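Atom set for the values below is all heavy atoms of this structure, side chains included, hydrogens, waters and symmetry mates excluded. Chain A is the first sequence line, chain B the second, and so forth, proteins listed ahead of strands; every chain is numbered from 1. Since the model is a prediction, treat every value here as computed from it, not as a measurement.
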2 protein chains.
Amino acid sequence: MGLRERKKRRTREALITAAMGLFRSQGYEQTTVAQIAAAAEVSVRTFFLHFPAKEDLVMAEVSERVALGVRVFEQPLPGEHLTDLLLRAVNQMITHTGDTDLVSGVAYSRVQLIVSVPDLQARMLRRLAEAQALIADALRRAYPEALDPIAAAAVVGSVVGAVTAAAAVSVSREDPPERVVAAMRRAAGLAVGDFRALIGQ
Amino acid sequence: MGLRERKKRRTREALITAAMGLFRSQGYEQTTVAQIAAAAEVSVRTFFLHFPAKEDLVMAEVSERVALGVRVFEQPLPGEHLTDLLLRAVNQMITHTGDTDLVSGVAYSRVQLIVSVPDLQARMLRRLAEAQALIADALRRAYPEALDPIAAAAVVGSVVGAVTAAAAVSVSREDPPERVVAAMRRAAGLAVGDFRALIGQ
DNA sequence: CTGAATCACTACATTGACTGCATTAATACA
DNA sequence: TGTATTAATGCAGTCAATGTAGTGATTCAG
């Protein structure tokens, strides 16, 4: 990696660090892009060279993680049932996210920030919707005879919706990371299985 | 209803009408609030007196409809199983939305606008998330022994996620209204039931 | 090793969404 | 009629985001 690229990455990191610090001490909305740029010792224009919008700074690495998760759907085990593939993929994504992100406090506070700021929530949900579409496509390619586009979207939407909602409740309740992970796993199981099991009979 | 209130409603309607016309002819992002205000013959300041943000003009009546749907969850039929209540509520909301909104072309084009503009998508998803939380609460009150907050969130998230994803696919495909409604119904059934049925055995 | 091309970064100007504040004029109401 | 509301306005200002033109440090070709 060349010197130029290393420098670029350094200013990017500086922006993220400066911003998260300011967000923590002042709140997200009370922090202006100008303040972030000043704290990172770059011009405002440079900020927008690295991030298309203020909101995207917080999402920074979310996209990469999602892209990583999508790959699981591309390779079902031979003869693997749809529900098993779904659970396997979701569990892998949850485990990975749980290990890397939530345990290290850095990313946990980032998630709390997202859950508590409406603007960030909205951006996050949009990203999730994009990811869903990708996953639905991959799933449909994996089971071409069984799933039409609607069914694929419904199945993926169901699981992602359940996991997201459960995670949101758990995080906004300030549960510790392990509990959040547990809630997500449970939600995935519920979505894939049958609600009927919930109430006796 | 007094004269004052009627006048207020009239300028509100004028703003919506003017805006939708401009959006149709110029696109959402290319239309400025100043243009909308001018077309409705009010000041820009008045626009923001009626809508907290440009995006909210498009969502106008969505909230009312959601509030209406939430009420179904407050009153389960005696002895009604969770899954039946869910299907009944979702079907009622879908039917109502389908009849009132989608069939009259006005609201259908509104939905297409939302699906096609990222900013509006995001706002819509946020509203849905808020509604989900309300519904989850109502559901938990209806089945206090069976559902903890996480399970309630997961169940509701699963159904709403499935229906939303299916609707998004159908609408962006430019399916006619009846097909969109059918896709939503099918998604609800899939989410409530068991995916296992999808692939033979 | 040198000149040209590339690219991160900057300064400046501008647009457009949104807010606070003070004011006006039309309704409501006593 | 006189007084209180309140929808609507004008204006000044903040902030996010974009276009343009330019500078200087790296990269690379010959």
Query raised in the report: Considering residues, nucleotides and ligands other than B:Gln92, do more than 12 of their heavy atoms fall under 6.0 Å from its CD?
Result: no
**Report entry** Separation of B:Arg71 CZ from B:Met93 CE (nearest 0.5 Å)
**Finding:** 11.0 Å
Report task. Rounded off to whole Å, could you give me the CZ-to-C1' distance for the A:Phe47 and D:dA16 pair? Result -> 10 Å
Report task. Any chance you could list the contact pattern along nucleotides 19-30 of chain C? Use B for base contacts, S for sugar-phosphate-only contacts and - for none, protein heavy atoms under 4.0 Å, 5' to 3'. Result -> BBB----BBS--
Report summary line: note: A:Tyr28, atom OH; D:dC15, atom C1'; distance rounded to Å ~ 12 Å
Query raised in the report: For A:Ala168, does its backbone N or O pair with a side-chain atom of A:Ser172 as donor and acceptor, under 3.5 Å?
Result: yes
**Report entry** A:Tyr28 and A:Glu55, any side-chain heavy atoms less than 4.5 Å apart
**Finding:** yes
**Report entry** Interatomic distance where CD1 belongs to B:Ile36 and P belongs to C:dC18 [whole Å]
**Finding:** 10 Å
Query raised in the report: Do the non-hydrogen side-chain atoms of B:Ile150 and A:Arg173 ever get within less than 4.5 Å of each other?
Result: yes
Requested in this report: Establish, with yes or no, whether the OP1 or OP2 oxygen of C:dA8 is under 4.0 angstrom from a side-chain nitrogen or oxygen of A:His50.
Outcome: no
Report task. Identify, between B:Thr31 and A:Glu41, the residue whose nearest nucleotide on DNA chain C lies closer to the 5' end. Result -> A:Glu41
**Report entry** Nearest-Å distance for atom pair CZ/C1', residues A:Arg9 and C:dC9
**Finding:** 18 Å
Query raised in the report: Rounded to whole angstroms, how far apart are NZ on B:Lys54 and P on C:dT15?
Result: 16 Å
Query - Neighbour count >12 (heavy atoms, 6.0 Å) for atom CD, B:Glu130 - result: yes
Query raised in the report: Hey, is the side chain of A:Thr46 poking within less than 4.0 Å of OP1 or OP2 on C:dT10, counting only N and O atoms?
Result: yes
Query raised in the report: Side chain of A:Lys8: nearest nucleotide among C:dA8, D:dC15, D:dA7?
Result: C:dA8
Report task. Figure out the CZ/P separation between A:Arg6 and C:dA8, and round it to whole Å. Result -> 15 Å
Query raised in the report: Any donor-acceptor pair under 3.5 Å linking the side chain of B:Asn91 with the backbone of B:Leu87?
Result: yes
Report summary line: Atom CG of A:Leu49 and atom C1' of D:dA17 are separated, to the nearest Å, by 13 Å
**Report entry** Short side-chain N/O contact to D:dA7 OP1/OP2 from B:Thr11, under 4.0 Å
**Finding:** no
Requested in this report: Check the distance between D:dA16's P and A:Leu57's CG and give it to me in whole angstrom.
Outcome: 12 Å
